[in-house]
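Inspection log for the structure reproduced underneath, given as structure tokens.
Not measured: the values here are computed from a predicted model.
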There are 2 protein chains.
Amino acid sequence: MPARGDHDARRRDLSEAVWRVVAEQGFTGLTMRAVAAEMDASTGLVTHYFPSKAALVRHALELAAERVDTMERHVPSAPGLAGLRAAILDVVPVDPERVAMNRVWVSSWDLALADPTLGEAQRERYDRWRARLRGHVEAAVARGELPDGADVDDVAVSAAAFTHGLVTQALFDPAAFPVARLEGLVAGFVEGLGSQNPNPS
Amino acid sequence: MPARGDHDARRRDLSEAVWRVVAEQGFTGLTMRAVAAEMDASTGLVTHYFPSKAALVRHALELAAERVDTMERHVPSAPGLAGLRAAILDVVPVDPERVAMNRVWVSSWDLALADPTLGEAQRERYDRWRARLRGHVEAAVARGELPDGADVDDVAVSAAAFTHGLVTQALFDPAAFPVARLEGLVAGFVEGLGSQNPNPS
DNA sequence: CTACGTACCAAACATTTGTTATGCACCTCG
DNA sequence: CGAGGTGCATAACAAATGTTTGGTACGTAG
């Protein structure tokens, strides 16, 4: 009963076009016609795969979540603080792919702050990311690289904060943040954790 | 020759309305009609003060820059690391005003990443902020609170990164980041700086 | 008091953008 | 080889939004 077999291929083309549009124009520039133009097609093609604008936005966010997942598993296992450093470096914009990913991510916050549903999704993503970072922190405590009384939750929050804050600065001034400097900053941050006092609260 | 004297007052009303709209709806929701509705007026009033949408957006960003300036001067002078901690706490969302300010700020990044002019403006603002933070870092080095070989530029970048990353997480999950926790996290970060190694680069 | 310019409203207008409808080509199945 | 459904273009439609215009009220200058 179905007609063609390259449905999945086309859908992948669509995803690529959506990705490029958002990475370059932000979510403000994400429009049916922009996506269509990006792949030299008609708006009919876009609506054929995404029945509404909301579905398009949802798909863009799913793409972002999916790509960040694959990038974060890039270095699967390293011990303790080295693992934390690797996890941070998996996110930081050290190559064009990661630059695009972070641009999409940061752009999405405009919508996510205004839309409760998207905001909640973002909150959950932060939760999962912090949980993953916390795993590395706990390993570091177990290895004696961090003081035994360290609050692993707080350290995970700090690591996530440092990472995303660095991402933002780098996105707006790529020339000032070449790969070598990013690596040095991340290394410095992780080393600094080793001597942090246990949380007095 | 001019007509009325409450021009400035009305303009202040306009600014207030623009601010509320952006804080609640983001820059995506910043529209002539939304601003007009926010102050129970007509779109004619809005266009009378802002001839175009671009002017409206520019004004919203000027407002954000202005308010962040006044808030950062809130605690004018403290010595060394204590000054750095105060400077960070001046930005973090510890009250409704600062929550609104940060929401506006984060929302603006969607537009700023897509528009080269706005992006450049954001870059310059980061530069100025980092310069101010660097002042505190240099004072801390002079007071012996940081090692003499510390790279003050890198520490300023790290402080800005930690701050904005913490802001973002707090905005999406206010319940998880009450004032006390924010203060504890900031204090922990600043204390951790004291023992960071000099940058080997 | 008249003239004129400012402040503003109300509504029309043009553009952008999301959505829907129509039609055609092609592929698969019977 | 015909029937029906998929994939997609074309284009009309509708809603939202930026922009422009005509008109009114009012205050100040002369």
Side-chain angles (χ1 to χ4, degrees), chain A residues 1-63 107-108 110-111 114-115 117-118, chain B residues 1-22 24-62 107-108 110-111 114-115 117-118:
Chain A
M1 47 303 248
R4 197 115 96 291
D6 58 351
H7 179 104
D8 289 356
R10 267 289 184 272
R11 196 176 171 88
R12 232 169 303 139
D13 292 346
L14 249 301
S15 292
E16 264 305 315
V18 169
W19 190 254
R20 280 196 301 269
V21 167
V22 178
E24 285 166 26
Q25 312 286 341
F27 276 84
T28 301
L30 176 58
T31 158
M32 304 280 195
R33 285 170 177 80
V35 172
E38 180 72 29
M39 55 191 297
D40 282 318
S42 69
T43 77
L45 185 149
V46 179
T47 64
H48 187 64
Y49 287 83
F50 299 104
S52 74
K53 170 79 179 284
L56 227 189
V57 172
R58 230 173 310 152
H59 182 69
L61 292 172
E62 285 166 10
L63 273 180
S107 287
S108 78
D110 180 36
L111 287 179
D115 180 335
T117 302
L118 298 182
Chain B
M1 51 297 244
R4 197 110 98 298
D6 57 353
H7 179 106
D8 289 355
R10 267 289 185 274
R11 196 176 173 89
R12 233 170 302 139
D13 292 346
L14 248 301
S15 292
E16 265 303 316
V18 169
W19 191 253
R20 279 196 300 269
V21 168
V22 178
E24 285 166 27
Q25 313 285 343
F27 275 83
T28 301
L30 176 58
T31 160
M32 304 281 193
R33 283 170 178 80
V35 172
E38 179 72 29
M39 55 191 295
D40 283 316
S42 69
T43 76
L45 184 150
V46 179
T47 64
H48 186 64
Y49 286 83
F50 300 104
S52 73
K53 168 80 179 281
L56 225 188
V57 171
R58 230 173 308 151
H59 181 69
L61 292 172
E62 285 166 9
S107 287
S108 79
D110 180 37
L111 286 179
D115 180 334
T117 303
L118 297 182

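Positionally, the nearest nucleotide of DNA chain D for A:Gly44 lies more toward the 5' end than for the other of B:Thr43 and A:Gly44. Along DNA chain D, the nucleotide nearest A:Leu45 and the nucleotide nearest A:Arg33 are compared for position; the residue whose nucleotide lies closer to the 5' end is A:Leu45. Closest-nucleotide positions on DNA chain C for A:Thr28 and A:Thr47 were compared, and the one nearer the 5' end corresponds to A:Thr28.
For the pair A:His48 and D:dC8, the criterion of a side-chain N or O lying under 4.0 Å from OP1 or OP2 is not met.
Going from atom CZ of A:Arg58 over to atom CG of A:Leu63 covers 13.0 Å, rounded to the nearest 0.5 Å. Note that NE2 of B:His48 and CG of B:Leu45 are 7.5 Å apart. Values are rounded to the nearest 0.5 Å. Between the OG1 atom in B:Thr117 and the CG atom in B:Leu111 there is a gap of 12.0 Å [rounded to 0.5 Å]. In this structure, the separation between CZ on A:Arg11 and OH on A:Tyr49 is 8.5 Å, given to the nearest 0.5 Å. The line from CZ of B:Phe50 to OG of B:Ser15 is 5.5 Å long, rounded to the nearest 0.5 Å.
At whole-Å resolution of the value, CE in A:Met32 and P in D:dA9 are 15 Å apart. Between A:Arg10 atom CZ and C:dC26 atom C1' there is a gap of 14 Å when expressed in whole angstrom units. A:Gln25 places its CD atom 15 Å from the C1' atom of C:dT16, with the value rounded to the nearest Å. To the nearest angstrom, C1' of C:dC8 lies 15 Å from CG of B:Asp40.
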Can you give the donor-acceptor pairs under 3.5 Å from side chains of residues 19-34 of chain A to other protein atoms, not counting sequence neighbours?
unit_1: A:Arg20; atom_1: NE; unit_2: A:Glu38; atom_2: OE2; d: 2.7
unit_1: A:Thr28; atom_1: OG1; unit_2: B:Asp110; atom_2: OD2; d: 2.5
unit_1: A:Thr31; atom_1: OG1; unit_2: A:Arg33; atom_2: N; d: 3.4

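As judged by a 4.0 angstrom heavy-atom cut-off over every strand, A:Ser42 is placed among the base-contacting residues.
Within residues 51-63 of chain A, the residues having any heavy atom under 4.0 Å from DNA chain C are, by residue number, A:Ser52, A:Lys53.
Side-chain proximity of A:Tyr49 to C:dT19, C:dC8, D:dG7: nearest is D:dG7.
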